[in-house]
Amino acid sequence: MRKLGIDRPNRSGHYSTPVSGPEIQFHIGKIVLLGMCMMGAVIVGLLLAGAPLMLVVFMFGLTWLFTLPYHPTLASVLSVATFNSALILPGVPGRPLFWELAASLGWSGFIVAVALRQAEPGTRERLARNRALFLGVLGYVAVLLVLIYYRGIGMKVLGVGSNSGQMGGRLYVQQIVCAIFPFLFLLRPPSERWLVRLFIIQSALSVTFVLSDLAFSYSRGGLYYLLLFLELPGDGVNFEMQDMQFGLRRFQSLFLLSLGLLSILWVWRPMRDYANRSAIWLLPVTVGCFSLGLLGGHRALVLLVLICLVVCLWAQRFFSVQRLLIFVFITASAYLFLKTYVQELPLAAQRALSPIPGMEVDRLARADGEATMDGRSQLRKVGWEASKNYRWLGRGFGKNPETSLYFYRYDLAYYFVDNGTFFNGTIGLLVNTGVPGLFFFFIVLGGGTILMFRVLGYIRAVGAEDPFLRTACVIAGLWAAQSGSFVFLHGDSEYALKTFALHASMLMACDWRIQMRRRAEQSSPVTEEEPQDLGDALPVGA
């Protein structure tokens, strides 16, 4: 090694040993690092004294930069785990949810994964197996970008007067951010174990909506600080006003919690346990979780739970002649019990059960439910007429004063129409995104439905003997329930890609892991192989 003409002082103070070049570079690097730390400390001190918001932005950017190599993993884990939670980022304008930040990491994570070639083997095969899903997502995002260009975009957090009063920016941003999920899962699909864990965490975190709902409804003083960390449910204000005027108390959060608890229960135990000794405790727990959701007053809960349960029972081959008779007997008994004592239930539960034929519920609960159905029926008619004006270029999302349908001001429907809300996925997409948006999003739903049938077909063939297959079964059942409800009954078109992009991505990951299982089963060596003839059985040289 080349020595420089610099001596190192010994203990006596005299220079004797030369210093090498790498050592000098090391000391210079330490000096430079120390200087950068001192400059950073000065900058942080100045920002903390004069511009604390800039300090937050600075630290956020620094953290973003240092965690860049881990963004693919962070995005997939955090977004899936917190997607069904009410956790928000306190102090950030617009109150974005925590999963929105995690999903935004997916964009930088996708670029990093592509640049560093961190994709899991089989990416091309996954792309070919799900090309319809990716085509639909890309086409729908292109429609959103065209709407932003021609219809404009505005953020309410920037002021009502921004961009001539146009709002709905968050509706665009949420859907475009969620569009990264299929591509992220294309490169890095989670393992079986992580899919189970993340789905259970996602279902369990639905309890955060209950905390925010209770903090809003019964808050006194300091409880309002809970809302700095929890997002208020969308209908919380309306339900609170309804309670003050009519005495009909509804908790939207219990609807979400009920679905989460039932999902965890069906992942934990197979459906056959409803027909053995475990039914002694499994049936009461199931009824209790379902009854808890009835206090939310959402009639969709009955439909979603019923469809998901029937799909899971069918996929896990629960039905036989004997079990079918027992199932019909239990269902009839539950129906007679509800029919007898339905008026003893809270008004919200009576409202949720009112669509069931033969249920004689309280007049207020039935009137409230019928008023909602009549209003939505009127909105569908208004939306169908309005769609003729936005056949090829939709009106866009949010409130748009230039396209307000002023001739519907004579009733409450004007408020929803003016905001582009029609409570029906098909009509809402047809008005807000036009025929192109409806076409591409139906491709997304079609691609997800194909994945659903693949997953259910495998489970029906081999059973659901482990938590992963039961998780895949529940995810497929929820897809069947939510997609059917979105298309034919209740669906918020402004949350279309937000609702189904991650769901379809998890189905894609389940399908791929099932495909890997099939290949492992086919390639597993046979332990004992019978010889084809006598010569094969004899040793060489016999």
Side-chain angles (χ1 to χ4, degrees), residues 126-153 168-169 171-183 185-186 376 379-398 400 403 405 416-417 419-454 476 478-508 511:
R126 289 192 294 273
L127 180 61
R129 287 174 61 87
N130 304 282
R131 53 183 176 271
L133 175 63
F134 291 101
L135 175 63
V137 171
L138 290 175
Y140 187 76
V141 171
V143 171
L144 294 182
L145 295 177
V146 170
L147 290 175
I148 290 174
Y149 180 79
Y150 284 100
R151 298 299 189 188
I153 182 174
L171 302 177
Y172 288 106
V173 172
Q174 277 187 335
Q175 295 194 78
I176 294 176
V177 166
C178 290
I180 198 61
F181 286 135
F183 297 93
F185 280 60
L186 172 68
R376 294 186 177 185
L379 284 175
R380 286 194 293 268
K381 295 178 182 179
V382 172
W384 177 255
E385 293 296 327
S387 65
K388 300 176 183 179
N389 301 323
Y390 308 106
R391 184 173 290 111
W392 304 114
L393 182 64
R395 70 176 292 278
F397 293 106
N400 191 341
T403 57
L405 305 179
F416 296 106
V417 172
N419 288 276
T421 304
F422 298 93
F423 298 107
N424 180 270
T426 304
I427 297 298
L429 288 173
L430 193 60
V431 177
N432 294 327
T433 64
V435 174
L438 179 68
F439 172 76
F440 283 114
F441 192 77
F442 269 45
I443 293 180
V444 174
L445 293 180
T449 304
I450 293 174
L451 286 168
M452 178 195 71
F453 280 115
R454 288 178 185 168
L478 289 175
W479 177 274
Q482 292 179 353
S483 59
S485 176
F486 180 87
V487 173
F488 300 106
L489 298 174
H490 172 74
D492 296 322
S493 60
E494 56 269 31
Y495 303 115
L497 206 57
K498 171 200 165 185
T499 304
F500 292 100
L502 182 60
H503 202 157
S505 302
M506 295 181 68
L507 274 176
M508 182 175 63
D511 173 67

Answer yes or no: is there a side-chain heavy-atom contact under 4.5 Å between L138 and F440? no

Would a distance-only check, ignoring hydrogens and angles, find a side-chain to backbone donor-acceptor pair under 3.5 Å from R395 to V431? no

Atom pair CD1 (I427) and CD (E385), whose distance is rounded to the nearest 0.5 Å: 10.0 Å

What closest approach, in Å, do P436 and R391 show between heavy atoms, and which atom pair accounts for it? CD-O, 3.9 Å

Determine whether L451 and R454 make a side-chain contact, defined as any pair of heavy atoms from C-beta on separated by less than 4.5 Å. yes

Measure across E494 and L171 and return the closest heavy-atom pair with its distance rounded to 0.1 Å. CB-CD1, 3.7 Å

Can you measure from CG (L445) to CG (L438) and round to the nearest 0.5 angstrom? 9.5 Å

Non-neighbouring partners of T499 that pass side chain to side chain contact (heavy atoms under 4.5 Å, CB included), sequence neighbours left out: Y495

Does R151 use its side chain to pair, donor to acceptor, with the backbone of G394 at less than 3.5 Å? yes

Is there a side-chain contact between F500 and C178 in this structure, where contact means two heavy atoms from C-beta onward sitting under 4.5 Å apart? no

Relative to the ring of F441, is the ring of F486 parallel (under 30°), tilted (30 to 60°) or perpendicular (over 60°)? tilted

Please identify each residue that fulfils ring-ring contact (aromatic ring centres under 6.0 Å, His included) with F134, with sequence neighbours left out. F183

Between S387 (side chain) and W384 (backbone), is there a donor-acceptor pair under 3.5 Å? yes

Heavy-atom side-chain proximity of T426 to F442 below 4.5 angstrom: yes

Heavy-atom pair with the smallest gap, counting every atom of N432 and S493: ND2-OG, 3.1 Å

Under the 3.5 angstrom rule, does the side chain of S483 hit a backbone N or O of W479 as a donor-acceptor pair? yes

Check whether any side-chain N or O of N130 sits under 3.5 Å from a backbone N or O of L133 as a donor-acceptor pair, and report yes or no. no

Rounding to 0.5 Å, atoms CZ (R129) and CG (L127) come to a distance of 12.0 Å

Which heavy atom of P182 sits nearest to which heavy atom of S505, and what is that distance? N-OG, 3.0 Å

Acceptor/donor pairs from residues 139-150 side chains to any protein atom, 3.5 angstrom cut, sequence neighbours excluded:
{"unit_1": "Y140", "atom_1": "OH", "unit_2": "Q175", "atom_2": "OE1", "d": "3.0"}

Here the pair of heavy atoms bringing V444 nearest to G136 is CG2-C, 3.3 Å

Inter-residue atom distance F397.CZ - T433.OG1, 0.5 Å rounding: 5.5 Å

Under 30°, 30 to 60°, or over 60°: which ring-plane class applies to F185 and F181, parallel, tilted or perpendicular? perpendicular

Would you give the length of the straight line joining atom CG of L429 to atom CG of D492, rounded to the nearest 0.5 angstrom? 10.5 Å

